Amino acid sequence: TLHPQKKSFIQVDEVQDLNAIQWKIIQALATKNTHVFVVGDKQQSIYSFLGASLEALESETQKFEQHTLETNYRSNKQIVSFLNCYREKVWRLPPISAQNSDDSELATMLIKYNTQERELYGVHAAIKKILQDKKRSIGLLLPTNKSVELFCSFFDEYQLNYFRVSAKDIMQ
């Protein structure tokens, strides 16, 4: 049996992405006197495929003192505009403001494809075109490790260089 060393202070960033095992780890490290400080945004919860859930977040943090920021300081105006449309139509929430001065029309692309094959070829073509400008960089967020494997195989086949930040891990 393991006996974890209890902590007097625990800080968690991106708390909306924790899964049940990660919440258990925090509980194992905490005592009734532990100061637990968490930062997150439930509207940015994207890791349900790894076990994160809004229900768990709300349950685990219901007794925490809550503070809300009404301004987004990181995302560019296009992302905040997209989020505000979603907030209004889906959540019936008021808009938030953007403080990031990045006004580039080329900063963000959201593209939907009807088939997986079209997606692979479309993303490949978009990446090649964007990277013609040596000042540009690209991040591609995919929902599952299986999707990552598929894209990596496709990029390997078409000799597109990339840096991968993913793997199958115990937290699944």
Side-chain angles (χ1 to χ4, degrees), residues 1-76 78-100 108-113 116 119-120 123 137-156 162-172:
T1 304
L2 294 175
H3 300 286
Q5 182 181 355
K6 300 295 184 175
K7 304 294 180 187
S8 58
F9 184 86
I10 297 173
Q11 179 175 337
V12 180
D13 192 15
E14 302 294 348
V15 70
Q16 75 276 0
D17 297 330
L18 296 184
N19 63 34
I21 294 171
Q22 292 163 318
W23 282 113
K24 293 289 185 197
I25 292 169
I26 292 169
Q27 291 166 3
L29 296 173
T31 69
K32 66 178 181 132
N33 296 319
T34 300
H35 182 91
V36 180
F37 177 81
V38 300
V39 178
D41 182 350
K42 65 182 177 182
Q43 295 168 6
Q44 292 185 24
S45 182
I46 59 171
Y47 288 100
S48 61
F49 64 95
L50 291 177
S53 76
L54 292 178
E55 294 79 18
L57 175 66
E58 289 173 6
S59 172
E60 295 291 340
T61 61
Q62 68 183 338
K63 294 181 182 173
F64 290 11
E65 184 177 342
Q66 308 266 330
H67 302 276
T68 304
L69 297 177
E70 300 298 327
T71 303
N72 183 308
Y73 292 93
R74 294 189 325 189
S75 301
N76 64 44
Q78 292 83 6
I79 290 286
V80 174
S81 175
F82 179 76
L83 173 62
N84 281 334
C85 288
Y86 193 85
R87 285 172 60 94
E88 178 186 346
K89 289 182 180 9
V90 178
W91 295 325
R92 308 274 188 251
L93 292 174
I96 60 172
S97 63
Q99 287 299 107
N100 187 326
T108 304
M109 292 175 56
L110 299 171
I111 306 171
K112 180 180 180 184
Y113 295 94
Q116 192 171 52
E119 181 179 34
L120 288 168
V123 168
S137 62
I138 297 171
L140 184 61
L141 180 63
L142 298 167
T144 65
N145 284 323
K146 186 175 181 180
S147 297
V148 172
E149 294 298 330
L150 179 67
F151 270 87
C152 288
S153 294
F154 186 84
F155 292 163
D156 288 341
Y162 59 90
F163 176 73
R164 175 180 172 168
V165 183
S166 71
K168 295 187 179 201
D169 60 29
I170 192 167
M171 293 307 187
Q172 288 191 60

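Predicted, not measured: the structure shown is a model, and the values here were computed from it.
- Residue pairs that meet the salt bridge (Lys or Arg N to Asp or Glu O under 4.0 Å) test with at least one member in residues 86-95, sequence neighbours left out, do not exist here.
- In this view, His67 and Glu65 satisfy the side chain to side chain donor-acceptor pair (under 3.5 Å) rule, not counting sequence neighbours.
- Counting only heavy atoms from C-beta outward, the side chains of Val123 and Tyr113 approach each other to under 4.5 Å.
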Intermediate values then yes/no, side chain to side chain contact (heavy atoms under 4.5 Å, CB included), Thr61 and Gln66 | CA-CA 8 Å; Thr61 61; Gln66 308 266 330; 3.9 Å; yes
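- Contact annotation: the side chain of Arg164 approaches that of Glu149 to within less than 4.5 Å [non-hydrogen atoms, C-beta and beyond].
- Taking Lys24 as the reference, nothing meets the salt bridge (charged side-chain N to carboxylate O under 4.0 Å, His left out) condition, with sequence neighbours excluded.
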Chi angles and distances behind the side chain to side chain contact (heavy atoms under 4.5 Å, CB included) call for Phe151, Leu120 = CA-CA 7 Å; Phe151 270 87; Leu120 288 168; 3.8 Å; yes
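- Judged as a salt bridge (Lys or Arg N to Asp or Glu O under 4.0 Å), the pairs with a partner in residues 33-43 (not counting sequence neighbours) are, in order, Lys42-Glu58.
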Side chain to side chain contact (heavy atoms under 4.5 Å, CB included) evaluation trace for Asp13 with Phe37 = CA-CA 9 Å; Asp13 192 15; Phe37 177 81; over 6 Å; no
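- Annotation: the span from Asp156 atom CG to Tyr162 atom OH amounts to 3.5 Å, rounded to 0.5 Å.
- Using a 4.5 Å cut-off on side-chain heavy atoms (C-beta onward), Val12 and Val39 make no contact.
- Distance check, rounded to the nearest 0.5 Å: CD of Gln22 to CG of Asp17 gives 8.5 Å.
- Shown here are the side chain to side chain donor-acceptor pair (under 3.5 Å) partners of Ser81, two or more places apart in sequence or in another chain: there are none.
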How far apart are the C-alpha atoms of Leu57 and Leu18, what are their side-chain angles, what is the distance that settles it, and do they pass the side chain to side chain contact (heavy atoms under 4.5 Å, CB included) test?
-> CA-CA 8 Å; Leu57 175 66; Leu18 296 184; over 6 Å; no
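- Between Val80 and Ser97 the shortest heavy-atom distance is CG1-C, 4.2 Å.
- Residues Ala28 and Pro4 approach most closely at O-CG, 3.5 Å, considering heavy atoms.
- Between the side chain of Thr31 and the main chain of Asn33, a donor-acceptor pair closer than 3.5 Å is present.
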Return a table of donor-acceptor pairs under 3.5 angstrom between the side chains of residues 45-54 and protein atoms on other chains or two or more places apart.
{"residue": "Ser45", "atom": "OG", "partner": "Gln16", "partner atom": "O", "Å": "3.3"}
{"residue": "Ser53", "atom": "OG", "partner": "Ala56", "partner atom": "N", "Å": "3.0"}

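- Between Val36 and Phe9 the shortest side-chain heavy-atom distance does not fall below 4.5 Å.
- The backbone N or O of His35 lies less than 3.5 Å from no partner atom in the side chain of Lys7, so there is not a single donor-acceptor pair.
- Looking at heavy atoms from C-beta onward, Lys6 lies out of side-chain contact with Thr34 at the 4.5 angstrom threshold.
- At a threshold of 4.5 Å between non-hydrogen side-chain atoms, the residues Val15 and Phe64 do not count as touching.
- In this structure, Gln116 places its CD atom where only 12 or fewer heavy-atom neighbours from other residues, nucleotides or ligands lie under 6.0 Å away.
- Distance alone, capped at 3.5 Å, places no donor-acceptor pair between the Ser59 side chain and the Glu55 backbone.
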